[in-house]
Q: 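Here it is, the structure in full.
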2 protein chains.
Amino acid sequence: MSRVLNHSPHVREATRQRVTEVIRRLQYRPSRLAARLSRGSPGTVMLLVPFLTRPSVVARLAGALSVLDEQGFDAILGNVEAPDQLERHLHALTARHGAEGAVIISLQLGERHLAELRSAGVPLVMVDAQAPGVPCTVVDDIRGGTLAAEHLLDLGHRRIAFVGDEPNPDLGFRSTRRRLLGYRRALAARGICQNPALIRLGAHSSTAAAALTRQLLRLPDPPTAIFAASDTQALGVLAGAEQAGLRVPDDLSVIGYDDIESAAQLGLSTVRQPLRASGASGAHRLCAVIRGERVRPMRQELPLGVVARSTTRALTDPVRSLTDPVRAGPARTAPPGD
Amino acid sequence: MSRVLNHSPHVREATRQRVTEVIRRLQYRPSRLAARLSRGSPGTVMLLVPFLTRPSVVARLAGALSVLDEQGFDAILGNVEAPDQLERHLHALTARHGAEGAVIISLQLGERHLAELRSAGVPLVMVDAQAPGVPCTVVDDIRGGTLAAEHLLDLGHRRIAFVGDEPNPDLGFRSTRRRLLGYRRALAARGICQNPALIRLGAHSSTAAAALTRQLLRLPDPPTAIFAASDTQALGVLAGAEQAGLRVPDDLSVIGYDDIESAAQLGLSTVRQPLRASGASGAHRLCAVIRGERVRPMRQELPLGVVARSTTRALTDPVRSLTDPVRAGPARTAPPGD
DNA sequence: GCTTCGCATGGAACCGCTTCAATAACGGTG
DNA sequence: CACCGTTATTGAAGCGGTTCCATGCGAAGC
């Protein structure tokens with residue numbers, strides 16, 4: 001009878017009919033659990049994400065979910081906002097038959113965790129994070145930072161501030177640090193002396209970013225452009241600028257990072273990274289690992305690009321830095337919509 | 001040995017030690033699957049959501065997830081963006097031992113689906129949706145619509161437009177329709193004649209909303225305020241207004257619905273509903289149902305309230321509607337930040 | 001010192017499916 | 001019509017726990 005359920009070819013049509021009929025009459029519902037146990041594969045993978053509510057995380061998650069779905073895996077979701085949650089979920093992973101593998105998203109695991117997972121032999125794949133020996137899908141955040149800074153530099157800006165979030169001590173996000181590094185390199189490459197006062201770190205929230213922005217704008221020599229470490233923070237920067245009475249992009253250029261949905265909606269200039277695709281790719285790669293295949297580039301790097309929308313514009317008031325009458329810059333890309 | 005794992009009291013300390021030691025030496029990892037099978041409870045529930053990327057959905061999801069987590073349930077996530085996905089996930093649910101129950105979020109199930117689930121005896125709970133005989137957690141969207149409209153009316157607006165999304169034929173969202181109904185009632189209650197041209201429906205996206213807004217603003221007699229059926233759409237309205245060269249709230253008041261995170265960030269006035277709490281409550285109630293308890297109010301209604309931020313303000317140009325000298329309204333609540 | 005009671009432990013049965021080996025039915029052929 | 005090679009079906013043995021029952025052992029009571 002198991003044969004008819006699993007569409008085995010070695011069953012006569014007559015019997016199939018008969019069995020199906022009985023199944024229907026008995027209201028028989030097979031137990032997935034039992035099937036999975038005896039088959040030895042739980043058909044389940046874990047998706048581990050930090051701060052589920054962040055749009056960039058959700059986009060990645062959605063990407064991963066869609067391919068797992070179509071590959072027939074159940075996706076159990078683990079959200080970690082505190083170290084103990086990480087601990088718990090990771091522990092659940094190491095239990096045999098808990099999940100067949102895991103996609104770890106935007107979570108930098110510590111040595112201890114990695115060792116545990118390795119010794120438990122859990123198929124693993126990382127997205128927006130890396131670890132030795134684990135297939136990962138990333139972007140070059142340093143380059144991303146450079147791209148953002150260069151975009152602003154190309155528009156004539158010189159006093160370019162950076163607003164980011166402090167590295168989380170427990171769940172070590174390091175992308176902000178790398179983006180900052182890229183920004184620094186770009187400035188250095190153009191021979192611009194870096195003013196430490198223009199670099200502000202706070203909590204990863206747009207209200208924190210707004211506060212930092214107000215601080216920046218109160219500086220005796222305020223920035224003409226701000227690079228925010230994420231779009232979420234860039235939205236805060238926008239709010240901060242408005243609160244300070246500045247107009248974007250007229251008085252201040254702002255560029256974010258990620259290209260989340262609302263960035264497009266609000267016309268935020270940003271550094272785009274393929275969020276959804278990163279999740280999808282991670283999931284695909286995990287499936288490969290589970291099947292025992294060898295994933296090709298251990299470290300897969302996705303492309304990055306500046307999307308100039310309407311929050312960045314060429315520096316219009318050279319008085320601030322040099323001379324010249326007011327002349328509206330060319331920037332201001334087409335707004336979204338239509 | 002099962003006893004020591006399950007912390008049974010009937011085991012001597014010495015034996016416990018010995019067993020634990022052996023377990024450690026053998027690198028023994030218990031199989032969750034086997035445990036669950038023999039125990040007869042999968043310890044897993046399904047979270048079914050539509051359009052995972054919508055912020056309101058994510059907030060609810062996060063709420064549900066957090067309580068399931070602390071209750072020791074694995075949450076398998078099902079995202080449905082198309083009817084066939086719904087079908088698949090629902091079907092998986094009816095399989096025995098697939099999941100112990102499900103929290104259905106913002107998804108209006110059809111009669112057929114409900115019947116199937118009922119006959120399969122799957123413990124069910126709905127959030128932001130309802131069905132006869134199923135415990136649900138909702139808000140009164142009609143009243144929400146009324147609240148939004150009244151807020152604008154109280155500010156002196158009379159030409160109030162509505163921007164919303166068309167009901168999805170497959171996954172029947174009906175909240176927009178109800179919010180619209182509430183809006184209509186409020187207007188009717190004040191004896192305001194309703195102009196059908198001021199009601200625009202499109203896709204649920206902020207770009208669509210932006211387009212609708214531009215149409216509205218090109219009207220010979222454009223609205224002075226717009227009520228958007230969701231914050232996402234309100235953001236689009238904001239963008240549309242900006243594209244049309246209008247300033248918010250000076251030239252146009254905008255109110256949204258949901259109070260998603262970015263609403264607070266951007267100072268969007270909105271009708272707040274407890275998103276995260278709704279998910280959490282749904283999860284709690286599901287746990288109760290699973291435990292065989294009777295959930296108290298079958299239909300649990302969560303509170304709603306207007307949050308006036310900086311996108312709504314009293315009508316300043318009375319010429320447009322009636323009389324009165326210009327007097328800046330009280331509105332314009334403190335901006336976010338700090 | 002021997003029985004009685006109770007708690008700790010070892011063992012069997014079972015959860016519900018898959019799988020594989022063994023048996024039965026089948027169709028074709030000499 | 002008997003025989004043989006296939007193919008279909010049935011049955012038993014796991015998968016890896018949990019649970020329940022029976023046995024063993026130690027402490028308490030007589």
Side-chain angles (χ1 to χ4, degrees), chain A residues 1-46 71-74 76 91-101 119-123 290-292, chain B residues 1-46 71-74 76 91-101 119-123 290-292:
Chain A
M1 107 181 89
S2 159
R3 264 172 290 260
V4 20
L5 283 183
N6 296 311
H7 309 296
S8 159
H10 293 287
V11 53
R12 214 180 336 174
E13 185 52 29
T15 345
R16 165 157 316 182
Q17 296 279 339
R18 201 155 43 87
V19 172
T20 324
E21 163 60 16
V22 173
I23 283 181
R24 204 184 49 64
R25 253 212 357 262
L26 268 336
Q27 284 272 314
Y28 170 80
R29 309 192 184 278
S31 156
R32 313 191 106 201
L33 232 50
R36 286 168 168 183
L37 171 59
S38 83
R39 192 174 318 177
S41 64
T44 292
V45 312
M46 167 146 227
Q71 298 280 324
F73 281 102
D74 276 0
I76 103 150
H91 202 79
L93 254 182
T94 57
R96 211 164 25 117
H97 290 185
E100 228 159 319
S119 88
V122 190
I290 288 176
R291 283 192 301 264
Chain B
M1 107 181 88
S2 159
R3 266 173 286 257
V4 19
L5 283 182
N6 295 310
H7 310 296
S8 159
H10 293 287
V11 54
R12 214 180 334 175
E13 185 51 31
T15 346
R16 165 156 315 177
Q17 295 279 339
R18 200 156 43 85
V19 173
T20 326
E21 162 61 17
V22 173
I23 283 179
R24 204 185 49 66
R25 252 209 1 259
L26 268 327
Q27 286 270 315
Y28 169 79
R29 310 192 183 278
S31 156
R32 311 192 109 199
L33 233 51
R36 288 168 166 181
L37 170 59
S38 80
R39 193 173 316 174
S41 65
T44 292
V45 312
M46 169 145 226
Q71 299 279 325
F73 281 103
D74 277 359
I76 104 150
H91 202 78
L93 255 182
T94 56
R96 208 164 30 117
H97 291 183
E100 227 157 320
S119 89
V122 190
I290 288 177
R291 282 193 301 265

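Quick note on labels: first sequence line is chain A, next is B, and so on, each numbered from 1.
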Q: Touch check for A/Arg18, heavy atoms < 4.0 angstrom, all strands: base, sugar-phosphate only, or nothing?
A: nothing
Q: Judged by atom type as modelled, is there a donor-acceptor pair below 3.5 Å linking the side chain of A/Arg32 to the main-chain atoms of B/His97?
A: no
Q: Side-chain N or O of A/Arg36 versus OP1/OP2 of C/dT18: is the shortest distance under 4.0 Å?
A: no
Q: Want to settle it: does A/Arg16 or B/Asn6 sit nearer the 5' end of DNA chain D, counting the closest nucleotide to each?
A: A/Arg16
Q: Please state how far atom NE2 in B/His97 lies from atom P in C/dT18, giving the value in whole angstrom units.
A: 14 Å
Q: If you assign B/His10 and B/Arg39 each to the DNA chain C nucleotide with the nearest heavy atom, which residue ends up on the more 5' nucleotide?
A: B/His10
Q: Could you pick out which residue, B/Arg12 or A/Arg12, lies toward the 5' side of DNA chain D when each is mapped onto its nearest nucleotide?
A: A/Arg12
Q: Can you check whether B/Arg29 has a side-chain N or O nearer than 4.0 Å to OP1 or OP2 of D/dG16?
A: no
Q: CZ of B/Arg96 versus C1' of C/dG16: gap in Å, rounded?
A: 7 Å
Q: Looking only at side-chain N and O atoms, does B/Gln17 offer a donor or acceptor that is under 3.5 Å from a partner on B/Glu21?
A: no
Q: How would you label the contact of B/Arg3 with the nucleic acid (heavy atoms, under 4.0 Å): base, sugar-phosphate, or nothing?
A: base
Q: Identify the two heavy atoms, one from B/Ala99 and one from B/Leu93, that lie closest to each other, and give their separation to 0.1 Å.
A: CB-CD2, 4.1 Å
Q: By the 4.0 Å heavy-atom rule, please label B/Arg32 as base, sugar-phosphate, or nothing.
A: nothing
Q: Mind calculating the distance between CG (B/Leu33) and C1' (D/dT18) to the nearest angstrom?
A: 14 Å
Q: Which whole-number value in Å describes the distance from B/Leu26 CG to D/dG17 P?
A: 12 Å
Q: Rounded off to whole Å, could you give me the CG-to-C1' distance for the A/Leu37 and C/dC14 pair?
A: 13 Å
Q: Hey, is the main chain of A/Val4 close enough, under 3.5 Å, to the side chain of A/Ser8 for a donor-acceptor pair?
A: no
